[in-house]
Amino acid sequence: MPGSVLRAATRADLAGLPSDVAPKLLGAHLTTVVAGETVTVRLTEVEAYHGLGTGPTADPGSHARMGPTPRNATMWGEPGHLYVYLSHGIHSCVNVVCGPEGVAGGILLRAGQVIEGTDAAARRRPAARNARDLARGPGRLGDAVGLRHPIHDGIDAITSAPWHGAVARLELLADPLADIASGPRVGVAGVAGTAAFPWRYWVPGDPTVSPFRWGRGAQAAAKPSAER
């Protein structure tokens, strides 16, 4: 079937700007082995984030908008590692690092369909009401694949080298999906969460895609000045 052939991701695949690379991750597979349990997620929704000095447009919604910090250090490393950060003190969220080493960029894995290891994902996500919800949202996806902040931050999804008891592997579609949608990022505050940054990409009609919600002040920032 067209669009179903996978190949191992390379660093060269991820060397471009996150906003350019992100659509190519749709339909890709992320596989993890944690504590001996394998889970594979087919990615259906992603978001791009640029760091300070990355690309022509400053990204006020990025963790790396002010430059390198201990928290975002992985974003400044070589592409193909996974930046795993803690959201709201609870959820571990997973990003694929993009861009040349020394230039910060990440692609947040917002949602996906668990296609292998459903039982393991369900044990990690006991609140999930059905299979659709196992990895529907970035915190849920992080839980489902078993990657946790801080121990798995920096794991390499290109070489699949073991990292604190886990391995990760990213596979891309040989022929990227042609039918994709894009729009504002979910829950991002201010102008960074408006159509000025249409850096959220998803597979149209896929039931695992998470619902859109405005971030703090983003809806007001999106209105034309004449309406304010």
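We number each residue from 1, following the sequence as shown.
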Evaluate side chain to side chain contact (heavy atoms under 4.5 Å, CB included) for Ile115 paired with Arg42, printing each intermediate quantity in order. CA-CA 7 Å; Ile115 59 173; Arg42 179 182 66 88; 4.3 Å; yes

The test is side chain to side chain contact (heavy atoms under 4.5 Å, CB included); show your working for Glu45 and Ser210 and say whether it passes. CA-CA 8 Å; Glu45 181 186 11; Ser210 60; 2.7 Å; yes

Given salt bridge (Lys or Arg N to Asp or Glu O under 4.0 Å), test Arg7 with Asp175 step by step and report yes or no. CA-CA 10 Å; Arg7 61 175 180 82; Asp175 296 311; over 6 Å; no

Is the closest basic N to carboxylate O distance between Glu78 and Arg11 below 4.0 Å? yes

Please evaluate residues Val21 and Ile107 with respect to the criterion side chain to side chain contact (heavy atoms under 4.5 Å, CB included), reporting the C-alpha separation (whole Å), side-chain torsions for both, the decisive distance (0.1 Å), and the verdict. CA-CA 8 Å; Val21 175; Ile107 298 172; 3.8 Å; yes

At their closest point, which heavy atom of Leu25 faces which heavy atom of Leu43, and how far apart are they? O-CB, 3.5 Å

Does some side-chain heavy atom of Thr38 sit less than 4.5 Å from a side-chain heavy atom of Thr32? no

Is the distance between the ring centroids of Tyr49 and His63 less than 6.0 Å? no

For a quick check under 3.5 Å, do Asp206 and Trp202 share a side-chain donor-acceptor pair by atom type? no

Intermediate values then yes/no, side chain to side chain contact (heavy atoms under 4.5 Å, CB included), Asp143 and His91: CA-CA 7 Å; Asp143 286 345; His91 302 293; 4.2 Å; yes

For a side-chain contact (heavy atoms from CB on, under 4.5 Å) with Phe197, tell me which candidate from Arg185, His50, Glu47 qualifies. Arg185

Residue Trp76 excluded, over 12 heavy atoms near CH2 under 6.0 Å: yes

